[in-house]
Every structure is written in C-alpha cells, then in structure tokens.
There are 2 protein chains.
Amino acid sequence: MAASPHPKKDLPQLAPRPVPGRRVRAGRVERNAEQSKSRILEAALEIFAAGGFGGARVDEIALKAGVSKNLIYHYFGNKESLYVAVLEKSLNALAEYHDSLPVHFDDPEEAMRQIIRNTFDYFVATPKIISLMNTENLLRAKYIKSSDLIRSIYKPIMERFHRIIEFGSQKSVFRSDIDEVDLYISISALSYFYLSNQWTLSHIFKRNLGDAPFLAQRKEHIVAMVMSYLKP
Amino acid sequence: MAASPHPKKDLPQLAPRPVPGRRVRAGRVERNAEQSKSRILEAALEIFAAGGFGGARVDEIALKAGVSKNLIYHYFGNKESLYVAVLEKSLNALAEYHDSLPVHFDDPEEAMRQIIRNTFDYFVATPKIISLMNTENLLRAKYIKSSDLIRSIYKPIMERFHRIIEFGSQKSVFRSDIDEVDLYISISALSYFYLSNQWTLSHIFKRNLGDAPFLAQRKEHIVAMVMSYLKP
DNA sequence: ATCGATTTATTGACTAGTTAGTCTATAACG
DNA sequence: CGTTATAGACTAACTAGTCAATAAATCGAT
C-alpha cells in the first residue's frame with residue numbers, strides 16, 4: 001500500500017468514470033443458461049488441461065467461453081468448484097464411452113484385445129483427460145478423493161474385466177496367477193504414458209509419437225505385450 | 001540475533017518505517033554462494049514438483065530455501081530460468097545414476113531384468129522427477145526442447161539398451177522384431193504411470209499403491225510382463 | 001393477449017490480496 | 001578496496017472474487 005492513508009471519500013471525477021446506475025449495455029443479449037454453463041465447462045477443461053489448476057486463470061476461461069467472469073462465479077461459485085465440475089464431466093464422458101462398447105464375453109482373448117485397443121483409442125481421442133488426471137495426481141487426488149464418482153465409474157469396468165479374466169483362465173487361454181488391478185494398471189500405463197509424455201519422448205527419440213503410423217504401431221505393440229503376458 | 005554489533009546511526013524510533021540508506025540488518029550473515037544456490041535449487045525442485053510451474057510461487061521457494069527472494073533473482077534471473085536449472089539438475093542426477101549401474105552384457109536376460117528393476121527403483125526413489133516430467137509435458141516440453149541435455153543423457157542409455165537387445169536376439173533368447181524405442185517406452189511406462197498416478201489409482205482400487213508390498217509386487221509384475229514379451 | 005411483478009441470466013466496474021521482478025543499501029570476503 | 005553475496009522495501013501488473021445494475025424470460029392475474 002502506497003501513499004493514501006485515508007479511505008477515499010469523494011474523489012474528484014476528472015476521468016470519465018461511469019456513473020453506477022447509468023451503465024451502457026452492448027445491446028440485446030441472448031440468454032441461454034444451459035449453453036452458457038456448457039461453454040464455460042468446455043473452456044475451463046481446455047484451460048485447466050493446458051496449465052494445470054495453478055496455471056489456469058479464471059479470466060482466461062471467461063474470455064475463451066465468451067462470457068463475463070461473473071457468470072462463472074454465478075454458476076460455479078469459485079475456481080475449485082469449477083475445476084471439480086470439469087473433472088466430473090470428463091469422468092462421466094469416460095463412463096459413457098465404456099458403457100457404449102460391446103464386450104465379447106464368449107472369446108476372452110478377443111475381448112482383451114478389444115479392451116486394450118479401446119483404452120488406447122480413448123486416450124488418443126481425449127488428450128485433455130490425460131492432462132486433467134496428471135493435474136489431479138500432482139495434487140495427490142485432492143478433489144477426486146472427496147467424491148465417489150470415479151469409483152462408481154470404475155466399478156462396472158472392473159467387473160467386466162474380472163469376468164473376462166476369469167473365463168480366460170478357466171478356458172486356459174490365460175495364465176492363472178493374474179492380479180487384475182496390476183494388469184489393468186499396466187494396460188492403462190502402456191497407453192497413457194506414451195501419450196501423456198509424448199512431448200518429451202518425441203524430443204528424446206526424434207520421432208513424432210503423435211503421428212498416425214507411430215500411434216498405430218504403438219497400439220499393436222501394447223496388444224502384443226499384454227497378450228504375451230497373458231499366455232499361460 | 002537481536003542486537004546489531006555495529007554502530008547504528010540515529011534511527012527515528014517512533015516512525016517504524018525504515019529510512020532507505022539506514023537499514024537495519026538482522027546481524028552477521030554467513031556467506032556461502034554455493035550452498036545458497038544449492039538450497040535454492042532444492043527448494044525450487046520441491047515447490048515446482050508440488051504445484052507445477054504455474055502453481056509454484058517464487059516467494060515460497062525463497063522461504064523454503066531460507067534466503068531472500070532477491071538472491072534467487074541474483075543467481076537465476078527469473079522464474080523460468082530457475083525452473084530450467086531445476087530440470088537440468090534433475091536430469092543430470094538421472095544420468096549419474098544410470099552411469100553408476102553395472103550392466104551384464106554377457107547375459108541379456110539378466111541385463112534386461114536389471115534395467116527394468118533399476119528403472120522402477122529410480123522412479124520410486126525420486127518422485128519429484130516424475131512431477132517435473134509431468135509438468136514439462138503439460139507445457140509440451142517447452143523447456144526441454146530448447147536444450148540438448150536430455151538427448152545427450154539418453155544417448156548412452158539407449159546405446160547400452162541396443163547392445164543388450166541385439167545380443168539377446170543373436171542368442172535367440174529375445175524375439176527378433178523388437179522396436180527398441182517402443183520397448184524402452186513400455187518399460188518406463190509400466191513403472192512411471194503406476195507411481196505418477198498412484199494417488200488416483202489408490203483411490204479407485206482401494207489399495208495404497210505406495211506401500212512397500214505393493215511396490216515389490218508391482219516391480220516383479222513389470223519384469224514378468226516385459227520378459228514374457230521378449231521371449232521369441 | 002397483455003401487463004406488471006418476479007425471477008434470473010448476464011454484465012461492467014471495482015477491490016483486496018498476490019506475485020514476479022526491481023532498486024538500493026549493506027556487509028562479508030579476498 | 002573492490003567484488004559480490006545478501007537482504008529490505010517497493011511496485012506494477014495480475015488475479016480470485018464481490019457488488020450492484022440491467023434486461024430477458026417467466027408467471028400470475030386480469
């Protein structure tokens with residue numbers, strides 16, 4: 001705080017300071033609450049994904065969404081709640097995607113290949129969810145921990161996964177000592193890390209890992225690695 | 001550290017605002033440039049790892065390092081350069097670690113197991129480098145790209161890796177169609193992702209993945225998966 | 001239908017608190 | 001004595017969040 005020790009009373013209005021109560025409005029403003037909310041969430045996803053929670057600026061989100069910053073506070077209260085809303089929307093999209101997939105319960109090997117390829121494809125299609133997850137892990141799952149959403153999303157996924165492994169073991173096309181959690185983490189890891197760290201890896205290996213041929217090669221490499229592990 | 005050992009000039013004691021040019025110093029200040037720099041780097045590593053580049057506060061780094069903020073600017077110029085210095089120090093530590101490891105060139109399978117376990121162990125031992133890499137990838141390798149350090153570090157690592165794979169293929173203990181980059185990324189992925197995302201994963205699977213027994217199990221799971229893939 | 005009252009979507013202006021970075025002084029050390 | 005390691009005070013710009021105004025939509029009663 002600099003000079004003025006006094007609370008400003010009546011300041012001499014040398015500059016054309018707008019008088020409260022006589023504001024100028026830009027003209028007719030369409031009102032569409034749902035669309036505004038959704039535009040805010042979309043912009044917020046982008047900004048949070050690009051700079052993490054700490055690097056995101058609410059002003060920037062407002063700008064990108066094409067709404068005033070106030071509207072964000074009107075709908076979401078504060079930055080943290082906005083972040084949580086973005087996270088939950090992304091997780092719900094993930095759940096929807098996995099629900100929409102057909103599962104080959106009669107053929108465990110084919111089912112497993114499908115799961116692997118779908119996991120890879122989804123991460124490729126939604127890179128922002130990767131950034132969000134990274135941000136969330138940087139904060140040690142601070143926000144995810146306080147919600148049961150992610151568990152409820154993974155429950156059916158893991159149940160299907162369990163049935164496939166069980167059937168495959170019964171049929172002796174899979175080994176019998178599988179830890180399902182470890183295996184699921186590995187399937188995710190092989191896709192996620194490649195994409196999440198593609199920027200540093202591309203520089204190190206002088207390959208643009210995001211190029212379609214490398215993506216295709218990678219996907220089949222993952223399938224091969226996991227399937228070779230599963231063999232009894 | 002209360003009383004100044006030096007002759008004070010007349011300070012106007014009623015006005016608590018210090019007059020420029022007649023500052024009060026806390027007392028004798030030890031000078032140790034190297035130690036100060038190193039304390040700054042250590043504190044910066046911690047703060048950058050905890051909140052990412054955007055979430056880190058230079059004031060907080062100064063506080064944690066026990067130096068004035070000015071000293072940081074004196075030695076490192078600005079926040080970005082400090083971040084780059086932290087990154088380079090971490091990469092150098094990684095290189096040193098890998099240089100220090102013995103390699104079993106005569107036994108490719110054992111050499112590969114060693115590489116896998118060492119990779120895992122190093123990530124476990126230095127969680128902050130994982131956060132740094134995540135931050136760097138969030139920024140699309142902005143800083144790493146402008147330095148050749150990381151490539152020069154990975155060059156000998158990949159050369160050793162190549163020799164092992166080549167020898168293993170010759171001896172027919174490894175398959176012959178290995179893409180070394182893909183394989184290296186997979187080995188890293190299986191360790192890195194488990195640790196990097198342990199906070200969300202631990203919550204999803206209701207297991208504390210950081211606990212020693214799970215870490216040990218994970219390491220051997222990775223060894224098993226990679227080795228089964230390598231079999232011809 | 002229509003008109004006034006109420007609700008609510010939306011914004012401009014503002015503020016208190018931060019934050020990266022600077023200016024200047026000082027003292028330790030060779 | 002000159003160099004430099006170190007810190008205190010300061011600032012301009014930024015940033016999350018607030019206040020108060022305004023107008024579009026909605027609803028209830030004519």
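Residue numbers begin at 1 in each chain, while the letters A, B, ... track the order of the sequences. A quick note: this is a predicted structure, and the numbers were derived from the prediction, not measured.
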- request: Taking the six-membered ring for Trp and the full ring for Phe, Tyr or His, determine whether the centres of A/F193 and B/F193 are under 6.0 Å apart.
  value: no
field: Integer-rounded Å distance: D/dA24 C1' and A/Q35 CD
entry: 15 Å
- line: Among the nucleotides C/dA9, D/dA5, C/dT11, whichever has the atom closest to the side chain of B/A33 is D/dA5
query: Can you tell me how far P of C/dT18 sits from CG of B/L63, to the nearest Å?
result: 14 Å
query: Looking at the side chain of B/V58, which of D/dA5, C/dA20, C/dT11 is the nearest nucleotide?
result: C/dA20
message: Once you apply a heavy-atom cut-off of 4.0 Å, does A/A62 come out as touching a base, just sugar-phosphate, or nothing?
response: nothing
task: Begin with the C-alpha distance, continue with both residues' side-chain angles, and end with the deciding distance and a verdict on side chain to side chain contact (heavy atoms under 4.5 Å, CB included) for A/E80 and A/F53.
output: CA-CA 8 Å; A/E80 289 201 357; A/F53 183 81; 3.7 Å; yes
message: With a 4.0 Å cut-off on N to O distance, would you call B/K37 and B/E34 a salt bridge?
response: yes
query: Does any residue of residues 72-84 of chain A have a heavy atom under 4.0 Å from DNA chain C, and if so, which ones, in number order?
result: A/H74, A/Y75
- prompt: Is there a donor and acceptor pair, one atom on the side chain of A/K69 and one on the base of D/dA16, closer than 3.5 Å?
  reply: yes
- prompt: Rounding to a whole Å, what distance do you find between B/K37:NZ and D/dT6:C1'?
  reply: 14 Å
query: Between D/dG17 atom P and A/L71 atom CG, what is the distance in whole Å?
result: 16 Å
query: Rounded to whole angstroms, how far apart are CZ on A/R39 and P on C/dA9?
result: 16 Å
message: Strictly below 4.0 Å: does A/R57 bring a side-chain N or O up to OP1 or OP2 of D/dC14?
response: no
task: State which of C/dT11, C/dA20, C/dT10 makes the closest approach to the side chain of A/V67.
output: C/dT11
- prompt: Counting distance only, does the side-chain N/O of A/Q217 pair as donor-acceptor with the main-chain N or O of A/F214 below 3.5 Å?
  reply: no
message: Working note: B/S186 + A/R218, criterion side-chain hydrogen bond (donor to acceptor under 3.5 Å, both in side chains); need CA distance, chi angles, decisive distance, verdict.
response: CA-CA 10 Å; B/S186 292; A/R218 178 70 194 170; 3.0 Å; yes
field: Crowding at CZ, A/R117 (>12 non-hydrogen neighbours, <6.0 Å)
entry: yes
